[in-house]
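A quick write-up on the structure given underneath.
Residue numbers start from 1 in every chain, and the chains themselves are labelled A, B, ... in the order their sequence lines are given, proteins ahead of strands.
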Amino acid sequence: MASAFPNIKRIEYEGPKSKNPLAFKHYNADEVIEGKTMREHLRFSVVYWHTFRGRGADMFGVGTMLRPWDDNSDSLENARRRVRVAFEFIEKLGAPFYAFHDRDVAPEAATLTQTNKNLDAVVRTMKEEQKRTGIGLLWGTACLFVHPRFAHGAATSCNADVFAFAAAQVKKAMEVTHELGGAGYVFWGGREGYSTLLNTDIKRELDHLAMFLHMAVEHKRKIGFNGQLYIEPKPKEPTNISTTRRRRPA
Amino acid sequence: MKLNLETNHATLAGHTMQHELEVAVAAGALGSIDANTGDLMLGWDTDQFPTDIYLTTQCMLTVLKAGGLTTGGLNFDAKVRRESFEPVDLFYAHIGGMDAFARGLKIAAAIRKDGRLAEFVRQRYSSWESGIGKEIESGRSSFAALEKYMLKKGEPAANTSGRQEFLENLINEFI
């Protein structure tokens with residue numbers, strides 16, 4: 001496969017006096033500070049979604065970004081090629097870790113069964129690239145906010161079937177995170193909140209969210225995943241107010 | 001469960017990132033960091049790359065004080081601007097964030113090595129190291145005992161200045 005960044009070599013440390021925009025002026029990975037290397041202190045991680053799926057679209061305009069390696073199709077071939085490009089970038093940058101959502105790396109299909117098969121196929125390529133480069137997975141997560149089924153929430157949905165789907169999705173995402181040796185797993189509830197109190201039963205929704213997290217912990221133990229679980233708080237957006245803001249870590 | 005804290009989420013909640021980090025560390029709940037920044041002029045998540053040295057220094061002061069990240073990391077949940085549409089911009093953006101945090105790490109380590117900031121804070125809380133303060137902290141006091149103590153003493157020992165300006169100047173010696 002041809003290089004996606006043919007004119008860029010590995011980014012090296014050149015020191016504070018360097019005028020090279022493709023060099024580090026302060027990040028010297030092996031430099032020791034307070035008994036640990038900068039690499040160990042900082043544990044830099046690149047995200048798959050913004051960096052390899054982002055195209056610059058916003059609410060007022062379409063995407064602007066030139067990504068010649070991506071044919072913009074939903075094919076597994078394109079998805080796998082994207083993985084190789086991602087690891088080329090992260091390796092040249094010199095970051096030790098990356099993070100991803102399930103839906104960043106593999107396309108959704110018409111059925112959950114096929115969607116999971118797609119994810120397994122791309123995860124195989126991710127495992128190869130991890131092995132080739134030594135880059136590790138900081139954490140994995142599930143995207144429970146983009147698809148219209150999550151419009152009323154995922155774990156806090158008024159629709160019990162949607163809770164069930166979200167649970168199935170997190171189960172799978174946690175399992176592939178474990179398979180990839182991820183150091184952690186994140187919960188960001190992008191749609192766990194409300195737009196209007198007129199149609200919202202706060203107590204019931206929070207109880208459901210708690211149940212969901214308890215089930216996640218139970219499954220983590222069941223599969224022997226020793227990664228750290230994280231809750232990522234955000235007060236609002238896309239919801240008007242987020243329920244995760246009020247959750248205390250268990 | 002631990003927390004994955006993100007600068008832009010903190011500022012959307014009306015907090016500084018350092019506030020959220022310090023509260024998390026105090027609760028033993030800091031896990032990982034989504035290293036980005038927002039735009040304080042805007043009311044939504046812009047997920048920009050972090051380049052502010054004060055921000056990265058404050059983050060690293062708290063992280064170093066907490067003993068460092070273990071399973072977590074500095075995860076660049078950040079995107080290049082819509083106008084920065086060439087692939088090379090992805091490199092510039094990440095290099096900038098990584099250098100900003102490396103610089104913050106070096107500055108934070110220098111502040112800690114200097115020791116004046118930590119000594120000031122230690123002095124500020126010194127009334128809790130002995131006497132009535134130590135009794136309260138160890139759980140051996142009560143309202144009745146404290147009333148008895150204060151009725152005898154009359155007035156608390158005088159407060160000393162918080163020295164915010166002095167401390168902000170101190171930080172500026174190292175930035």
Please classify the contact between A/V186 and chain B as side chain, backbone, both or neither, with a heavy-atom cut-off of under 4.5 Å. side chain

Measure B/D34 against the heavy atoms of chain A and call it side chain, backbone, both or neither at under 4.5 Å. side chain

Distance (rounded to the nearest 0.5 Å) between A/L22 CG and B/Y92 OH: 4.5 Å

Heavy-atom pairs under 4.5 Å with chain B, option from A/P96, A/S45, A/A23 with the top count: A/S45

Most heavy-atom pairs under 4.5 angstrom with chain A, which of B/G97, B/G14, B/G68, B/P87? B/P87

Please state whether the side chain, the backbone, both or neither of A/F5 comes within less than 4.5 Å of a heavy atom of chain B. side chain

Sort B/A78 into side chain, backbone, both or neither according to what part of it lies under 4.5 angstrom from a heavy atom of chain A. backbone

Please state whether the side chain, the backbone, both or neither of B/R81 comes within less than 4.5 Å of a heavy atom of chain A. backbone

One option among A/Y98, A/W69, A/Y13, A/Y27 has the most heavy-atom pairs under 4.5 Å with chain B, and it is A/Y27

With rounding to the nearest 0.5 angstrom, report the CZ to NZ distance, A/R53 to B/K79. 15.0 Å

Taking all non-hydrogen atoms of both residues into account, name the closest pair between A/P235 and B/H9 and its distance. CD-O, 3.4 Å

Is A/L42 close to chain B through its backbone or its side chain, or both, or neither, when contacts mean heavy atoms under 4.5 Å? both

Chain A: which of B/D99, B/L105, B/L12, B/N8 shares the most heavy-atom pairs with it under 4.5 Å? B/D99

Is B/I33 close to chain A through its backbone or its side chain, or both, or neither, when contacts mean heavy atoms under 4.5 Å? neither

Picking from A/I11, A/V47, A/N7, which has the most non-hydrogen pairs under 4.5 angstrom with chain B? A/V47

Which portion of B/V80 sits near chain A, non-hydrogen atoms under 4.5 angstrom: both

A/Y230 side-chain N/O to B/G72 backbone N/O, donor-acceptor pair under 3.5 Å: yes

Pair B/L90-A/R67, side-chain contact (heavy atoms from CB on, under 4.5 Å): steps then yes or no: CA-CA 11 Å; B/L90 294 171; A/R67 304 292 183 243; 3.8 Å; yes

Could you tell me which of B/D89, B/L5, B/L64, B/L69 has the largest number of non-hydrogen atom pairs under 4.5 Å with chain A? B/L64

Less than 4.5 Å to any heavy atom of chain B: does that hold for the side chain of A/L66, its backbone, both, or neither? both

Kindly say whether B/S32 contributes a backbone atom to a donor-acceptor pair with the side chain of A/R43 at under 3.5 angstrom? no

To the nearest 0.5 Å, what is the distance between CZ on A/F24 and CZ on B/R103? 15.0 Å

Do A/L229 and B/K2 have side chains that get closer than 4.5 Å, going by heavy atoms? no

Can you find a pair of side-chain heavy atoms, one from B/F76 and one from A/H50, that are under 4.5 Å apart? no

Taking every non-hydrogen atom, the tightest pair across A/T64 and B/F85: O-CB, 3.4 Å

For side-chain contact (heavy atoms from CB on, under 4.5 Å), just list the numbers for B/D45 and A/K234, CA-CA rounded to whole Å, side-chain angles, deciding distance to a tenth of an Å, and then say yes or no. CA-CA 10 Å; B/D45 218 6; A/K234 189 178 185 186; 2.9 Å; yes

With no hydrogens and no angle check, is any side-chain donor or acceptor of A/E232 less than 3.5 Å from a backbone partner on B/L3? no

If I take atom NZ from residue A/K25 and atom CE from residue B/M98, how far apart are they, to the nearest 0.5 angstrom? 13.0 Å

Measure A/I33 against the heavy atoms of chain B and call it side chain, backbone, both or neither at under 4.5 Å. side chain

Verdict with supporting geometry, B/E86 and A/M65, side-chain contact (heavy atoms from CB on, under 4.5 Å): CA-CA 6 Å; B/E86 293 174 10; A/M65 290 175 190; over 6 Å; no

Is there a salt bridge (Lys or Arg N to Asp or Glu O under 4.0 Å) between B/K113 and A/E34? Walk through the geometry before answering. CA-CA 9 Å; B/K113 186 171 180 196; A/E34 289 192 16; over 6 Å; no

Under 4.5 Å between any side-chain heavy atoms of B/N75 and A/F97, yes or no? no

Side chains of B/D77 and A/W49 in contact at under 4.5 Å (non-hydrogen atoms): yes

From CA spacing to verdict: side-chain contact (heavy atoms from CB on, under 4.5 Å), B/H94, A/T51: CA-CA 10 Å; B/H94 284 84; A/T51 304; 3.4 Å; yes

Taking CZ in B/F120 as the centre, count heavy atoms belonging to other residues, nucleotides or ligands within less than 6.0 Å. Is the count above 12? yes

Okay, B/D47 and chain A: the region with an atom under 4.5 Å from a heavy atom over there is side chain

Got more than 12 heavy atoms from elsewhere within 6.0 Å of NZ, A/K36? yes

Does the A/R55 side chain pair with the main chain of B/R82, one donor and one acceptor, at a distance under 3.5 Å? no

Using only heavy-atom distances, determine whether the side chains of B/N4 and A/W188 contain a donor-acceptor pair under 3.5 Å. no

Distance flag, aromatic centroids of A/H26 and B/F101, threshold under 6.0 Å: no

Just wondering, more than 12 heavy atoms not from B/Q164 lying within 6.0 Å of its CD? no

